Amino acid sequence: ERYHRYGINAIALQPEISHHSSIHETKQSASIYTAGRDGTIRGWIPNSVNIGETLNEYRDTSDQGIQVNKSACVLCLEEHIDWVNDILFIPNENTRLISASSDSTVKIWDLNQRQSIVTFYHQHKDYVQALAYVQPMTFASAALDGSIVLYDLTTAKTLSHFTSLSHYPTTTTHSRHSPTTSPALRSSSSVTPGVTGVPSEQTASVYCLDGNGKNVLASGSTSRTISVWDVRLRVQSVNGSSSLGSGSSLGSGKNGIIGNKSAAGMIPVMELRGHSDIVRKVALSKDDSRSYHVISGSSDGTVRLWDLRQPSRSVKVIYTHSDSVWALDTAQDLSFAVSGSRDGHVVFHSNVLSASSSGVENSEMNSSVVSAVESMSSRENRVLSVALMSKEVHNEKEMNENSVWVSSVGSTVRNYKLSSSVSVRDNGQLLNELEGKPAIIAYRVMNDRRHVLTEDSSGVFEMWDVTSGQSEVVSSSKSSSSKQLQQQHQETGMKRQLDVLEKELNTEVYVPSWFGIDIRLGSIAVKLDGSSAFSAEIYAVDAGLEDETGEIKVNLGEHVLRALFARWRKVFLEKLKKENASNYNEVIERDVHAIAAYEFGADISVFVCEDRGSSVPLSVIRRKLFQIQVGEEQYFPKWVMDCVRDGKPMSREVPKITFLLQPDEKSHRILPQLQQNRLTAPRILRIRKVIDYVIREIHSEANQMNESVKSMGKSTSTSTFLSRLEDHDIEIVCNQRILPITMSLAAVRQFVWKSPDDLELLYRTKH
């Protein structure tokens, strides 16, 4: 699809295309890129016309009738399996995009090929939060495990690996300064002298990173400090060799896979202290004449200006936000900036570098761009990223023509007009939109373990079928209108509408759990694991499959897997046949199924990740169904290939239930006791089968009675009555409730019997 489904963590403007650029210069070349919590990166053409059906749409955004373009999404990169937290263009290199993700990977993308060309897998062990430009063809990444890694974009190798600590040891035996250190970074009283090797103290999670393009980095972390690094400084590795290490060579396969970390490390040349909470954003000046300035934003609600020549305290503290500052973008020389906060406010700071006598600046000295990004909920108001359209302006006219892109937890990105005016403006002028769709925020798995009820951020409820990937908007079957449902919600207090709908739409069926659900990406992800994926065996008719006999059983996990990989397997079998493979006939023989498979759309994505014993699973592969190629079997677990490639039956032995079957003594006509009344049967056995058993046993009893009385030359009305009973004459009762004939023993135990003791069922005539 052409939309994000969740919040946008980062916005990047593509560098201007030169005449010598190799990027495909087409009408559909994107100029704005967004990184989403839905795990995708999207490229957009702002103010687009006549490209696709969504581009000519406008909407009235105010009572004044201002029309706003809805821009076009013309590119979607889908390989990450978790939030994409940051994206980065290297200056003068607009065909390469770098991304950092919560799946702990860093990727280099070729925008011409529209796919990643290198994936760095093992550099970080936690969410990768930030990227920064270090120097030409060199960039860095930072993660919540405290690690910062340097990379060479040309060779696609790692250069160095170092760690941000919560504090650094103090010693007077070594100096951290070198002759190559810039003057702005020398001789500071706040600099703690360095030590040999990388310290082992507790690490500080790094939330932000920025570089000046000339070997200097600044990072902000949970230590509430800003660490300034000069990548030209080295700390010797353990064996005393050069501290500038390199990563392993590219691995085999379509994408390069980077392996071990460098043993090298660094410690910061200085730390800037003053914030009282996590430092979430930091920006270094890229202007040579002002290379000593730094701006930061923190969860303490302040924006601070620093001078590296006077690092003992901040030069200016700006109190413009009442909540955590989560977003920040600045001019190249830091002369102006835009900040965004958790409460949805975006503030334009038009004179950042102008000093105040007290070093403190309040909200009245700045211009509010917009007071609330979204109008639907305070949750979606949280500003995640801001990006200035122009970072170099030379006069007030250019400033007034400038604008800022703003993203939030909501999936739509908006472009607002800036102004050099210092008057507070509660509602900014909206110029453009990158439209998104609502994210799924809550779900309930239904009892049939085929359907999932969801609620999205716009308040829409949908029922999803995990065996087809399709959904439909639902409403309460017992409530004639949404008003009634809302009234029910109010009457139930804290109980949500989703719970009310779940109760009304659910059915009394029992199916073992065979999948998990994850909505972290704003959509439904169905998780299958080899230990539980084949736990649910049910009758085909209960699985939504056609079966005239009603007797055929299917394994839900097995059936779903075969449907997902049906296209791939068709190509695989054609390849086997073409190669005259010896096992072709054997595989074909296993490929005979009495029931037609489910069907999935070709654009459904499949993720494969590996549990590595940490909170962040290792990302292996993400593909749409139509993209999975023969030869990529190595990426999929053995249990998947056993099922979909080799056609092996994956069903397990169905657990059984013991139950007692007795006549109902309260019935107006008591039926005879069965000879065998303590039974054991598969838990999926239906009550209809129990009735069939009762009828057979009663007929057998009647026949014995007839044989007995015939030998005496007599007949009885009882034996005649029993012999004429049919299945529609008998009903089964449990806990004084008549059971539906389609109910399984497992469902009876779960919803009616509700006891750990052996199940007790009573049989009786209906009339």
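It should be emphasised that the depicted structure is a prediction, and the values quoted were computed from it without experimental measurement. Every heavy atom of this structure was used, including side-chain atoms; hydrogens, water molecules and symmetry mates were not.
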Participant: Counting N and O atoms only, with roles assigned by atom type, does the side chain of Lys766 sit under 3.5 Å from a partner on the main chain of His728, one being a donor and the other an acceptor?
Facilitator: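 Yes; at least one donor-acceptor contact below 3.5 Å.
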
Participant: Test your reading of the model: is there a side-chain donor-acceptor pair from Ser468 to the backbone of Phe600, 3.5 Å cut-off?
Facilitator: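 Not at all, since once roles are kept as given, no pair shorter than 3.5 Å links the two residues.
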
Participant: What distance do Ile687 atom CD1 and Leu739 atom CG have between them, rounded to the nearest 0.5 Å?
Facilitator: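 Between Ile687 CD1 and Leu739 CG, I get 5.0 Å after rounding to 0.5 Å.
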
Participant: To check you understand the geometry: which heavy-atom pair defines the closest contact between Glu558 and Lys648, and what is its length?
Facilitator: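 Smallest heavy-atom distance, with atoms named: OE2-O, 4.3 Å.
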
Participant: To the nearest 0.5 Å, what is the distance between CG on Leu722 and CG on Leu671?
Facilitator: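 Reported value, rounded in 0.5 Å steps: 6.5 Å.
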
Participant: Can you name the residues that form a side-chain contact (heavy atoms from CB on, under 4.5 Å) with Val571, not counting sequence neighbours?
Facilitator: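 Only Val630 meet the side-chain contact (heavy atoms from CB on, under 4.5 Å) criterion with Val571.
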
Participant: Any side-chain to backbone donor/acceptor pair from Arg569 onto Val644? Under 3.5 Å, distance only.
Facilitator: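 Looks like yes, one N/O pair under 3.5 Å.
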
Participant: Can you check whether Thr454's main-chain N or O pairs, donor with acceptor, with Arg444's side chain at less than 3.5 Å?
Facilitator: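 Not at all, since once roles are kept as given, no pair shorter than 3.5 Å links the two residues.
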
Participant: Does the Arg562 side chain pair with the main chain of Gly647, one donor and one acceptor, at a distance under 3.5 Å?
Facilitator: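 Confirmed, Arg562 side chain pairs with Gly647 backbone.
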
Participant: If I compare all heavy atoms of Ser535 with all of Ser531, which pair ends up nearest, and what's the gap?
Facilitator: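 Result for this residue pair: OG-O, 4.3 Å.
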
Participant: Taking all heavy atoms of Tyr443 and all of Val452, pick out the closest pair and write down the distance.
Facilitator: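 Closest heavy-atom pair between Tyr443 and Val452: CB-CG1, 3.9 Å.
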
Participant: Under a 4.0 Å N-O cut-off, is there an ion pair linking Lys107 with Glu79?
Facilitator: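 So Lys107 pairs with Glu79 through a salt bridge.
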
Participant: Indicate yes or no: does Glu551 engage Lys689 in a salt bridge with an N to O separation below 4.0 Å.
Facilitator: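 Here Glu551 pairs with Lys689 in a salt bridge, since their nearest N and O are under 4.0 Å apart.
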
Participant: For the backbone of Ala439 and the side chain of Ser457, can you confirm whether one donor and one acceptor N or O come within less than 3.5 Å of each other?
Facilitator: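 Yes.
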
Participant: Answer with yes or no after comparing the ring centroid distance for Phe636 and Phe565 against a 6.0 Å cut-off, counting only values under it.
Facilitator: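 Centroid separation for Phe636 and Phe565: below 6.0 Å.
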
Participant: Within 45° of the six-membered ring axis of Phe751 and under 6.0 Å from that ring's centre, is NZ or CZ of Arg737 located there?
Facilitator: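 Not flagged: Arg737 not positioned over aromatic ring of Phe751.
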
Participant: Going through the distances and angles, do Asn677 and Leu660 end up as a side chain to side chain contact (heavy atoms under 4.5 Å, CB included)?
Facilitator: CA-CA 6 Å; Asn677 62 0; Leu660 187 65; 4.0 Å; yes

Participant: Just checking Lys624: does its NZ atom have more than 12 heavy atoms from other residues, nucleotides or ligands closer to it than 6.0 angstrom?
Facilitator: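 Yes, the 6.0 Å shell around NZ holds more than 12 heavy atoms from other groups.
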
Participant: Determine the minimum heavy-atom distance between Ala536 and Pro512, stating which atoms define it.
Facilitator: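 Nearest pair, atom of Ala536 first, then Pro512: CB-O, 3.7 Å.
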
Participant: Measure across Phe721 and Thr765 and return the closest heavy-atom pair with its distance rounded to 0.1 Å.
Facilitator: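 Reported closest heavy-atom pair: CZ-CG2, 4.1 Å.
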
Participant: Is any side-chain N of the basic residue among Lys638 and Asp642 closer than 4.0 Å to the acidic one's carboxylate O?
Facilitator: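 Salt bridge: yes.
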
Participant: Would you find more than 12 non-hydrogen atoms of other residues, nucleotides or ligands less than 6.0 Å from Gln675 atom CD?
Facilitator: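 No, the 6.0 Å shell around CD holds no more than 12 heavy atoms from other groups.
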
Participant: Once rounded to the nearest 0.5 Å, what's the spacing between atom CG of Leu685 and atom CD1 of Ile657?
Facilitator: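 Those atoms lie 9.5 Å apart.
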
Participant: Main chain of Gly410, side chain of Ser408: is a donor-acceptor contact present, judged purely on distance under 3.5 Å?
Facilitator: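 Checking the backbone N and O of Gly410 against the side chain of Ser408, a donor-acceptor pair under 3.5 Å is found.
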
Participant: Does the distance from a Lys or Arg side-chain N to an Asp or Glu carboxylate O, for Asp82 and Arg520, drop under 4.0 Å?
Facilitator: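 The answer is yes: the pair qualifies as a salt bridge.
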
Participant: Any sub-3.5 Å donor-acceptor pair from Arg2's side-chain atoms to Cys73's backbone N or O?
Facilitator: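 Looks like yes, one N/O pair under 3.5 Å.
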
Participant: Would you indicate whether Glu599, at its atom CD, is surrounded by more than 12 heavy atoms from other residues, nucleotides or ligands within a distance under 6.0 Å?
Facilitator: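 Not buried by this count: 12 neighbours or fewer within 6.0 Å.
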
Participant: Would Lys578 and Glu574 pass as an ion pair if we require N to O under 4.0 Å?
Facilitator: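 Answer for the salt bridge query: no.
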
Participant: Just grab all the side-chain hydrogen bond (donor to acceptor under 3.5 Å, both in side chains) pairs involving residues 745-754, residues at least two apart or on different chains.
Facilitator: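 Applying side-chain hydrogen bond (donor to acceptor under 3.5 Å, both in side chains) to every pair that reaches into residues 745-754, excluding sequence neighbours, yields nothing.
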
Participant: Rounded at 0.5 Å granularity, tell me how far CD1 in Ile691 sits from CG in Asp729.
Facilitator: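 The CG atom of Asp729 is 10.0 Å from CD1 of Ile691, to the nearest 0.5 Å.
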
Participant: Please determine which of Arg622, Arg623, Arg114, Arg42 meets the salt bridge (charged side-chain N to carboxylate O under 4.0 Å, His left out) test together with Glu78.
Facilitator: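 Running salt bridge (charged side-chain N to carboxylate O under 4.0 Å, His left out) over Arg622, Arg623, Arg114, Arg42 with Glu78 returns exactly one hit, Arg622.
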
Participant: With rounding to the nearest 0.5 Å, note down the distance linking SG in Cys643 to CG in Asn555.
Facilitator: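 Rounded to the nearest 0.5 Å, the SG-CG separation comes to 8.0 Å.
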
